[in-house]
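To start, the structure under review is shown below, and the notes come after it.
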Amino acid sequence: MVSKRIWREAFLRTISHPMALLSLVTVFLYIGVAVFSWTHIIASPWDRVIAQSYQAPSFDSLAHIFGTDILGRSVLFKTIQATQTALLVGFWSSLVAVLIGFILGALAGYFGGWVDDWIVWFYTVFSSIPGILLLIAIAFVLEKGLLTVCLAIGLTSWVGLCRIIRGEFLKHKEREYVLAAKAIGASHMSRIFRHILPNVFHQVVINFSLMFQAAIKTEVVLSYLGLGAQGRPSWGLMIDDSKLSLGRGVWWELGAATLALMILVLAVNLLSDSLRDSLDPQLIG
Amino acid sequence: MGRYLVRRLLYTIPVLFGVSLIVFILFHGVAGDPVIIMLGKHASEMQVRELRHELGFDQSLGLQFLNYLKQVATFDFGRSFATRENIGSMIWNGMGPSFLLASLGFFSTLILSLIISIACAFYRGRWFDRGVGFICVVGMSVSALAYILFGQYVLAFQWGWFPISGYENGFPANLKYLAMPVLIWVLVSLGWDVRFFRAALLDEAYKDYVRTARSKGLSEVTIFYKHILKNAMIPIVTYVVIQVPFLLLGSFLLESFFSIPGIGYITVDAIRSSDFPVIKATTTLISIMMVFGNLLTDIIYTLVDPRVRLR
């Protein structure tokens with residue numbers, strides 16, 4: 001199949017680019033760190049008091065490398081444990097957004113007519129309401145916690161993908177291969193998922209990675225508004241906490257969280273760029 | 001063209017209706033009972049009933065929605081729960097600082113990113129272009145909150161270049177307070193803009209007419225400024241114009257962090273104190289601006305790109 005070759009070529013092209021390869025390795029490193037900290041192999045227990053409050057970074061031991069927080073817990077351990085939160089938020093909120101965006105976009109573009117009218121109306125309305133206020137409203141209604149964060153971010157970031165997928169389906173549904181599938185009696189479901197989906201899947205992948213990094217950054221803003229993850233370390237909470245401690249010269253908590261977040265988001269951004277370069281047929285030419 | 005515009009203009013009616021409906025649902029179905037929040041948990045039955053009646057919460061949902069539509073149409077949202085101030089004048093007073101912050105931030109970013117992206121496109125593929133491209137992605141990867149905290153701590157607190165936060169009305173005084181928020185605005189949005197403009201420029205750089213111009217023997221500089229730049233200006237101008245209506249809204253994060261009394265500050269403040277009429281008013285205002293911003297975008301598209309009219 002043609003599409004399989006495109007994916008393999010995209011993968012080969014990605015790993016032949018030093019920058020893209022480095023980003024890929026970095027993302028896998030973060031996943032590894034998250035898994036190892038989740039299974040308590042590294043950075044555990046993160047909530048143990050190891051020194052006095054706000055001790056500056058020192059090379060006494062690994063746990064002291066980024067200093068300690070207000071309760072005397074290791075900032076390094078906290079940063080490592082927070083990787084899980086970031087990856088969970090990034091993954092689940094992007095998945096929610098991709099599912100909503102893809103399904104609505106596919107329905108609108110494929111069926112057209114009144115289905116299209118309603119869906120376009122719905123996302124036009126939805127995108128007119130400032131995202132941050134919708135986020136806050138959703139986070140208010142549901143109980144505070146990680147699940148709410150994911151749902152709130154997911155429910156507010158699907159419009160972009162929905163527009164793209166609708167446009168792609170509008171284009172593809174009249175193409176010959178789809179008409180041929182129709183002629184041999186393929187059902188609507190089969191045409192949407194078996195025939196058109198593989199041809200627009202690169203858009204889904206590119207948008208997933210873009211949403212992933214946006215979601216991680218949005219979590220920081222939600223934490224600042226007091227609506228972030230509860231009871232578990234997150235980079236957003238660490239950055240938010242440091243707005244008070246900064247006045248006392250405590251920069252390491254902000255520094256560690258910002259650095260960890262920046263490297264992950266940077267890697268995902270660079271990876272999205274290289275995915276776009278290798279998957280977008282317009283750019284391949 | 002005329003028919004398209006009329007149709008597009010009429011389309012704002014169902015969209016505005018939908019926006020009002022969703023905002024109404026957010027504040028009535030969803031956000032909890034504002035009366036309880038206002039009076040606290042220990043209010044007597046009598047107090048609750050009175051306030052409910054005063055605010056019209058004892059009417060049916062349909063009537064309340066009609067009331068809300070009336071508020072939207074007349075833009076009279078009553079008074080704030082927290083300060084008893086008239087919301088219309090609160091928002092009116094907030095627009096000035098918001099607009100100033102946003103337009104300063106927006107236009108500084110615009111000028112800088114245009115210069116940088118033109119240089120990138122001209123030297124495309126060379127180390128300058130690659131380096132700038134990488135720095136842009138790095139800049140986009142830092143949380144806005146980290147920029148703000150760093151600026152407040154290092155630039156304002158330690159080095160004393162700027163005031164940490166606050167605002168003063170009046171021309172030269174307010175610039176002092178706006179300098180750092182504007183700087184952070186530029187840092188946060190520069191990467192996006194440079195990448196967008198560069199892509200718009202390079203989109204044109206590989207077209208056939210450029211090849212023709214080159215084969216005629218025109219110099220690279222002439223090709224770039226006379227041909228590529230001219231055509232790339234279409235997406236760039238569109239991109240710029242469509243952001244203008246949003247400048248009135250300022251920025252939630254920057255305003256609330258630097259205590260600049262704009263729309264964003266008012267909204268975040270209202271969220272913190274559960275001041276529902278104010279949140280409702282600012283949400284509605286922002287949403288309506290977005291609807292008209294989108295309308296304007298579509299109109300501009302039809303003006304600059306004749307192909308759109310065929311749809």
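First the proteins, then the strands, lettered A, B, ... as listed; each starts at 1.
Under the 4.5 Å side-chain criterion, counting only non-hydrogen atoms from C-beta, V221(A) is in contact with L253(B). Looking only at side-chain heavy atoms (C-beta outward), M262(A) and V138(B) come within less than 4.5 Å of each other. Between L145(B) and W235(A), the closest side-chain pair of non-hydrogen atoms is not below 4.5 Å.
The structure places CD1 of I129(A) at 9.0 Å from CE of M290(B), a figure rounded to the nearest 0.5 Å. For the atom pair T124(A) OG1 and L16(B) CG, the distance stands at 11.5 Å (nearest 0.5 Å).
Between the side chain of K217(A) and the main chain of A144(B), no donor-acceptor pair closer than 3.5 Å is present.
Put simply, of I263(A), V220(A), D240(A), T258(A), the one with the most heavy-atom pairs under 4.5 Å next to chain B is V220(A).
Using a 4.5 Å cut-off between non-hydrogen atoms, the part of residues 126-135 of chain B that approaches chain A consists of F134(B).
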Run the side chain to side chain contact (heavy atoms under 4.5 Å, CB included) test on Y153(B) and V250(A) for me, step by step, so that the C-alpha distance in whole Å, both residues' side-chain angles and the decisive distance to 0.1 Å come before the verdict. CA-CA 10 Å; Y153(B) 177 60; V250(A) 181; over 6 Å; no
Derivation and outcome, side chain to side chain contact (heavy atoms under 4.5 Å, CB included), residues V19(B) and F126(A): CA-CA 7 Å; V19(B) 166; F126(A) 207 79; over 6 Å; no
Going through the checks in order, is the side chain to side chain contact (heavy atoms under 4.5 Å, CB included) test met by D273(A) and R195(B)? CA-CA 11 Å; D273(A) 277 359; R195(B) 278 161 58 101; 2.8 Å; yes
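Closest of all the heavy-atom pairs between S141(B) and L266(A) is OG-CA, 3.2 Å. In terms of heavy-atom proximity, A146(B) sits nearest to L254(A) at CA-CD1, 4.4 Å. When all heavy atoms of V291(B) and S128(A) are compared, the pair lying nearest together is CG2-OG, 3.5 Å. Taking each heavy atom of D117(A) and Y11(B) in turn, the nearest pair found is O-OH, 4.4 Å.
For I239(A), the parts lying near chain B are the backbone and the side chain together; criterion is any non-hydrogen pair under 4.5 Å. Both the backbone and the side chain of S256(B) come within contact range of chain A, each with at least one heavy atom under 4.5 Å from a heavy atom of that chain. Neither the backbone nor the side chain of L21(B) comes within less than 4.5 Å of any heavy atom of chain A. Of the two parts of V268(B), only the side chain, counted from C-beta on, holds a non-hydrogen atom closer than 4.5 Å to a non-hydrogen atom of chain A. For W251(A), the part lying near chain B is the side chain, with the backbone staying farther off; criterion is any non-hydrogen pair under 4.5 Å.
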